[in-house]
Asker: 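There's a structure below that I have some questions on.
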Amino acid sequence: MEWPIKDGEMAGISHRMVPVNGINLHVAEKGDGPDVVLLLHGFPELCYSWRHQIAALAALGYRAVAPDLRGFGDSDVPADPSAYTMLHVVGDLVALIESLGQDKVFVVGHDWGAMVAWCLCMFRPDKVRALVNMSVAFRPRIPGLKPVEALRAAFGDDYYICAFQEPGRTEAEFARFSTSLVIKKFLTYHDPGPVIVPKDNGFGTAPAQDAALPSWLSEEDINYYASKFEKSGFTGGLNYYRALDLNWELTAPWTGVQIKVPVKFIVGDQDLAFHFPGVQDYIHNGGFKRDVPLLEDIVIMKGAGHFINQEKPQEISNMIIQFIKKF
């Protein structure tokens, strides 16, 4: 469970297992202040993705709590894709919040963690003081349009989310390369276009083992991620994508519900999520504010890609802190 860096900002980060909702979550935390900040990672990431923010929040008196979401890292990995619905994952977090002795927490999400955070605010707004979400804007449920069908119609069978649906296909693609190369290829991805993965060569060519990493990512970081995904496998994370249509069915009762917590949204202008068809129009032309009426701020970071909390750690930490200290 221990993280590779022991000095400086990593010092004092503790690790423990928390029983929640029928499974065990691994949680990293630092700080002992009364105000809890819950940090939710994406794919293919871990609570380690928040290492810089955990240190920054703790230094200012917050209690930073970052779980490996179910299916990731040292947390339990249920086998069935149907165990990865937003009802399950939000259920884990409600139990985690209660285990911390909190009525309400601040929430920060990125990628899948952002989608989980939107659902936490939709299902249990009473648990959230304020939200800082990154990369993935709120997506209101569209009756009559299953998500995977819509993606397949728009981008074809080889669009990455469609390709991920087939059990075992992506796992077999990843197995052609070392886990560290898979992680390196994901984390260094900086192309805003749609990700297409042809079946005969889905993952394309592997990056060179010794390819130069961006300044924000070290070989030590890559090796840590790889060690955890070698242990857990990628299926848990992929099951979030495989539960997309089931989520759509199960969230029918929340059709049309607004997000009623204060929100700050941050996205890089090179993030593929920002370039998804219709997203920029939704963000800029009133749709986002209609569905999230307490949306207070939208920040579009120039030159930043998808893994923004790692790529721009100081700026992201500062923006989180400036927002939540108002509450």
Side-chain angles (χ1 to χ4, degrees), residues 1-16 18 25-42 45-69 73 93 96-111 113-114 116-118 120-121 125-135 215-218 221 224 261-268 294-301 304 307-327:
M1 279 195 241
E2 292 299 318
W3 288 356
I5 308 161
K6 296 289 189 289
D7 58 346
E9 67 178 12
M10 299 301 131
I13 293 177
S14 64
H15 300 263
R16 62 193 176 99
V18 181
L25 289 187
H26 163 239
V27 173
E29 58 187 326
K30 186 176 183 179
D32 52 12
D35 296 325
V36 169
V37 184
L38 185 63
L39 300 139
L40 308 176
H41 68 82
E45 296 182 272
L46 304 164
C47 60
Y48 184 74
S49 304
W50 297 110
R51 56 199 178 278
H52 308 294
Q53 287 75 35
I54 291 171
L57 287 160
L60 287 177
Y62 292 97
R63 183 181 178 188
V65 178
D68 284 334
L69 297 177
L93 299 179
L96 174 59
I97 291 165
E98 290 178 355
S99 79
L100 297 169
Q102 300 292 311
D103 291 325
K104 291 189 173 204
V105 297
F106 294 111
V107 179
V108 179
H110 170 257
D111 187 74
V116 172
W118 291 125
L120 173 61
C121 293
D126 58 305
K127 292 293 179 189
V128 182
R129 291 174 67 178
L131 168 66
V132 179
N133 248 356
M134 289 168 233
S135 187
S215 60
W216 53 270
L217 195 62
S218 71
D221 297 333
Y224 180 76
V261 304
V263 173
K264 183 183 185 83
F265 180 70
I266 307 167
V267 65
L294 300 182
L295 178 66
E296 294 194 13
D297 197 15
I298 297 169
V299 178
I300 296 158
M301 296 186 72
F307 297 97
I308 193 167
N309 48 319
Q310 297 184 77
E311 186 180 342
K312 304 284 186 185
Q314 191 65 55
E315 296 98 315
I316 293 298
S317 296
N318 290 344
M319 282 192 272
I320 293 168
I321 290 160
Q322 285 165 8
F323 186 66
I324 64 176
K325 74 181 181 184
K326 299 194 291 186
F327 306 96

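Numbering of residues begins at 1 and proceeds along the displayed sequence.
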Asker: Is any side-chain heavy atom of H15 closer than 4.5 Å to a side-chain heavy atom of V27?
Answerer: no
Asker: Rounded to the nearest 0.5 Å, what separation is found between the CD atom of Q102 and the CD1 atom of I97?
Answerer: 9.0 Å
Asker: Verify side-chain contact (heavy atoms from CB on, under 4.5 Å) between D35 and F106, making sure each step is shown before the conclusion.
Answerer: CA-CA 8 Å; D35 296 325; F106 294 111; 4.2 Å; yes
Asker: Could you tell me which non-hydrogen atom of H41 sits nearest to which non-hydrogen atom of L46, and how far apart they are?
Answerer: CB-O, 3.4 Å
Asker: Within the 4.5 Å heavy-atom criterion, are D221 and R51 side-chain neighbours or not?
Answerer: yes
Asker: Can you list everything that forms a side chain to side chain contact (heavy atoms under 4.5 Å, CB included) with E311? Sequence neighbours excluded, please.
Answerer: H190, W216, A304
Asker: Output, in order, the C-alpha distance, side-chain angles, deciding distance and verdict of side-chain contact (heavy atoms from CB on, under 4.5 Å) for E45 and F307.
Answerer: CA-CA 10 Å; E45 296 182 272; F307 297 97; 3.5 Å; yes
Asker: Do the non-hydrogen side-chain atoms of Y48 and P4 ever get within less than 4.5 Å of each other?
Answerer: yes
Asker: Distance alone, cut at 3.5 Å: any donor-acceptor contact between the side chains of Y224 and W3?
Answerer: yes
Asker: Is the closest side-chain heavy-atom distance between M134 and V108 below 4.5 Å?
Answerer: yes
Asker: Do L39 and H110 come close enough that some side-chain heavy atom pair is under 4.5 Å?
Answerer: no
Asker: Enter the distance from I316:CD1 to I266:CD1 here, rounded to the nearest 0.5 Å.
Answerer: 4.0 Å
Asker: For G268, is there any backbone N or O sitting under 3.5 Å from a side-chain donor or acceptor partner on K312?
Answerer: no
Asker: Between L96 and E98, is there a side-chain heavy-atom distance shorter than 4.5 Å?
Answerer: no
Asker: Compile the donor-acceptor pairs under 3.5 Å between side chains in residues 52-68 and protein atoms, sequence neighbours left out, one pair per line.
Answerer:
{"unit_1": "H52", "atom_1": "ND1", "unit_2": "E9", "atom_2": "OE2", "d": "2.6"}
{"unit_1": "Q53", "atom_1": "NE2", "unit_2": "N309", "atom_2": "O", "d": "3.0"}
{"unit_1": "Q53", "atom_1": "NE2", "unit_2": "P313", "atom_2": "O", "d": "3.4"}
{"unit_1": "R63", "atom_1": "NE", "unit_2": "E29", "atom_2": "OE1", "d": "3.3"}
{"unit_1": "R63", "atom_1": "NH2", "unit_2": "E29", "atom_2": "OE1", "d": "3.2"}
{"unit_1": "D68", "atom_1": "OD1", "unit_2": "C47", "atom_2": "N", "d": "2.9"}
{"unit_1": "D68", "atom_1": "OD2", "unit_2": "H26", "atom_2": "ND1", "d": "2.7"}
{"unit_1": "D68", "atom_1": "OD2", "unit_2": "D74", "atom_2": "N", "d": "3.1"}

Asker: Name the atoms and distances for all side-chain donor-acceptor pairs under 3.5 Å in residues 319-327, with sequence neighbours left out.
Answerer:
{"unit_1": "K326", "atom_1": "NZ", "unit_2": "E296", "atom_2": "OE1", "d": "2.8"}

Asker: Who passes side chain to side chain contact (heavy atoms under 4.5 Å, CB included) against N133, sequence neighbours left out?
Answerer: A114, A117, W118, L131, F265
Asker: Check this for me: does any side-chain nitrogen of one of D103 and K127 sit under 4.0 Å from a carboxylate oxygen of the other?
Answerer: no
Asker: Compare every heavy atom of C121 with every heavy atom of V261, then report the nearest pair and how far apart it is.
Answerer: CG2-SG, 3.5 Å
Asker: Side chain to side chain donor-acceptor pair (under 3.5 Å) with D32: which residues, sequence neighbours excluded?
Answerer: none
Asker: S317 side chain to Q314 main-chain N or O, any donor-acceptor pair under 3.5 Å?
Answerer: no
Asker: Flag the pair L294 / V263 as yes when at least one side-chain heavy-atom distance between them is below 4.5 Å, and no otherwise.
Answerer: no
Asker: Sequence neighbours left out, what passes salt bridge (charged side-chain N to carboxylate O under 4.0 Å, His left out) with K104? Give chain and number order.
Answerer: none
Asker: Could you check whether any side-chain heavy atom of V267 comes within less than 4.5 Å of a side-chain heavy atom of I308, counting everything from C-beta outward?
Answerer: no
